Q: 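My questions all concern the structure below.
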Amino acid sequence: MPAPRTGGDGPAALRNGAAQVPAPTRALRTPRRPSGTKAEPRAPRRLPQRHSVRGQILDALRNALVCGELTAGEVYSAPALAERFGVSATPVREAMHQLACEGAVEVVPNRGFRVAGRTARDLSELAEIRALIEVPVMLGLSRALPPERWNELRHLAADTVAAAARGDRAGYAESDRAFHHALLSLTGNAQLVLLADDLHRRAQGPLDCGPVRSADLVADAAEHAALLDALAAQDLAVVEQLVREHIAGAYRSH
């Protein structure tokens, strides 16, 4: 009987075709161990790399959405995107289905995926939800944590400033998400962090309400350091004002 064929999800699989499974060899009898001896540990089995490829494609697609390389309203097929990235269609489909769960694209049967736009009303509603969550959380953390804890996040705030200064919209979006992720992680509430991450990503995509100005990114990035200062000083009134203004401004800028 001919050996079965297996496919691959990475670029090598596209270049070389399906990998050939070697012909079966005669099974070797495992030698008997002396009584009382321990078995040697087996080497870990190498797992397929599909998930790592999917993660790389997901990051690339997110960046393309944030930078406007994928146009709102346009339909893109998985095979066409796969050719663009030099991979098979499988990890592209998996990544696009993840983006569909995040509201970034819509599945179009028998055609592909339509990129969803973000209207001003969409962003306003997302900002309202985030404010309802993050304002009380930040106030609680400011009361509970010692001032020196906030210095641990200074480098993340600096990353957002550097990305904004370069005009790197995709880099800013990711560093901004990392900053807020680290802030909310201080609560120890993993479900809260997951929910906030989802809300954050839902705002990152092509906008129907005009292009993003670099000056807006720079202003938003500067608010991160100001927020850390207010949190360390336990100035609750300023913390609340900065969180509300920062979320509203960030959703105008994404």
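Residue numbers start at 1 and run along the sequence shown. Predicted model only: the values in this text are computed from it and were never measured.
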Q: Does the plane of the ring in His180 sit parallel, tilted or perpendicular to the ring in His246? Use 30° and 60° as the thresholds.
A: parallel
Q: Give every residue pair that meets the ring pair (Phe, Tyr, Trp, His ring centres under 6.0 Å) criterion with at least one member in residues 54-75, sequence neighbours excluded.
A: none
Q: Where the side chain of Tyr76 meets the backbone of Thr71, is there a donor-acceptor pair that is under 3.5 Å apart?
A: yes
Q: Do Glu134 and Ile247 have side chains that approach each other closer than 4.5 Å (heavy atoms only, starting at C-beta)?
A: yes
Q: Are Arg202 and Glu102 ion-paired here, with the side-chain N under 4.0 Å from a carboxylate O?
A: no
Q: State, yes or no, whether a side-chain contact exists between Met96 and Cys101 at a heavy-atom distance under 4.5 Å.
A: no
Q: Roughly how far apart are Ile133 CD1 and Leu195 CG, rounded to 0.5 Å?
A: 4.5 Å
Q: Quick one: do Glu125 and Arg130 make a salt bridge, cutoff under 4.0 Å?
A: no
Q: Given side chains that start at C-beta, do those of Arg54 and Val92 come closer than 4.5 Å, heavy atoms only?
A: no
Q: Do the side chains of Val107 and His97 get nearer than 4.5 Å, heavy atoms only?
A: yes
Q: May I ask you to test the Thr160-Tyr172 pair for a side-chain heavy-atom distance under 4.5 Å?
A: yes
Q: If you look at every heavy atom in Ala248 and Ala127, which pair is closest and at what distance?
A: CA-CB, 4.4 Å
Q: What about Val161 and Val66, same hydrophobic cluster or not, with Ile/Leu/Val/Met/Phe/Trp/Tyr joined at side-chain heavy-atom distances under 4.5 Å?
A: no
Q: Tell me whether Ser142 contacts the main-chain N or O of Met138 through its side chain, where contact means a donor paired with an acceptor under 3.5 Å.
A: no
Q: Please find the pair of heavy atoms, one from Leu199 and one from Ile129, that lie closest to each other, and give the distance.
A: CD1-CG2, 3.7 Å
Q: In terms of hydrophobic clusters joined by side-chain contacts under 4.5 Å, are Leu61 and Val108 together?
A: no
Q: Can you see which heavy atom on Ala163 is nearest to which on Ser175, and at what distance?
A: CB-OG, 4.1 Å
Q: Could you state the interatomic distance from CZ (Phe179) to NE2 (His155), rounded to the nearest 0.5 Å?
A: 10.5 Å
Q: Of the non-hydrogen atoms in Ala60 and Phe85, which two are nearest, and what is the gap between them?
A: CB-CE2, 3.7 Å
Q: Run the side chain to side chain contact (heavy atoms under 4.5 Å, CB included) test against Asp197 and tell me which residues pass, sequence neighbours left out.
A: Arg177, His181, Val193
Q: With sequence neighbours excluded, what pairs up with Asn63 under the side chain to side chain contact (heavy atoms under 4.5 Å, CB included) test?
A: Ala170
Q: Answer whether the closest heavy-atom distance between the side chains of Glu94 and Thr90 falls below 4.5 Å.
A: yes
Q: Between Arg62 and Glu174, does at least one N-O distance fall below 4.0 Å, as a salt bridge requires?
A: no
Q: Check whether the side chains of Gln241 and Glu245 place a donor and an acceptor atom closer than 3.5 Å, and report yes or no.
A: yes
Q: Please tell me whether Leu139 and Val238 are part of a single hydrophobic cluster in this structure, the criterion being side-chain heavy atoms less than 4.5 Å apart.
A: yes
Q: Between Val239 and Leu145, is there shared hydrophobic-cluster membership here, with clusters defined by ILVMFWY side-chain heavy atoms closer than 4.5 Å?
A: yes
Q: Kindly give the heavy-atom pair with the smallest separation between Ala72 and Gly117, and that separation in Å.
A: CB-CA, 3.8 Å
Q: For Leu99 and Val115, run side-chain contact (heavy atoms from CB on, under 4.5 Å): C-alpha distance rounded to whole Å, both residues' side-chain angles, the deciding distance at 0.1 Å, then the answer.
A: CA-CA 9 Å; Leu99 292 174; Val115 176; over 6 Å; no
Q: Atom CG in Leu242, atom CG in Leu227: separation rounded to 0.5 Å?
A: 6.0 Å
Q: If you apply the rule side-chain contact (heavy atoms from CB on, under 4.5 Å), what do you find for His224 with Asp176, and how did you get there?
A: CA-CA 9 Å; His224 290 149; Asp176 180 60; 2.8 Å; yes
Q: So, do Leu183 and Leu231 sit near enough that their side-chain heavy atoms are less than 4.5 Å apart?
A: yes
Q: Check the pair Arg154 / Asp229 against salt bridge (charged side-chain N to carboxylate O under 4.0 Å, His left out), numbers first and verdict last.
A: CA-CA 10 Å; Arg154 295 285 179 182; Asp229 291 339; 2.8 Å; yes
Q: Within the side chain of Thr187, is there an N or O that forms a donor-acceptor pair under 3.5 Å with the backbone of Leu184?
A: yes
Q: Got Leu186 and Leu153 here, is their nearest side-chain heavy-atom distance under 4.5 Å?
A: yes
Q: Taking all heavy atoms of Ala78 and all of Arg93, pick out the closest pair and write down the distance.
A: CB-CG, 3.4 Å
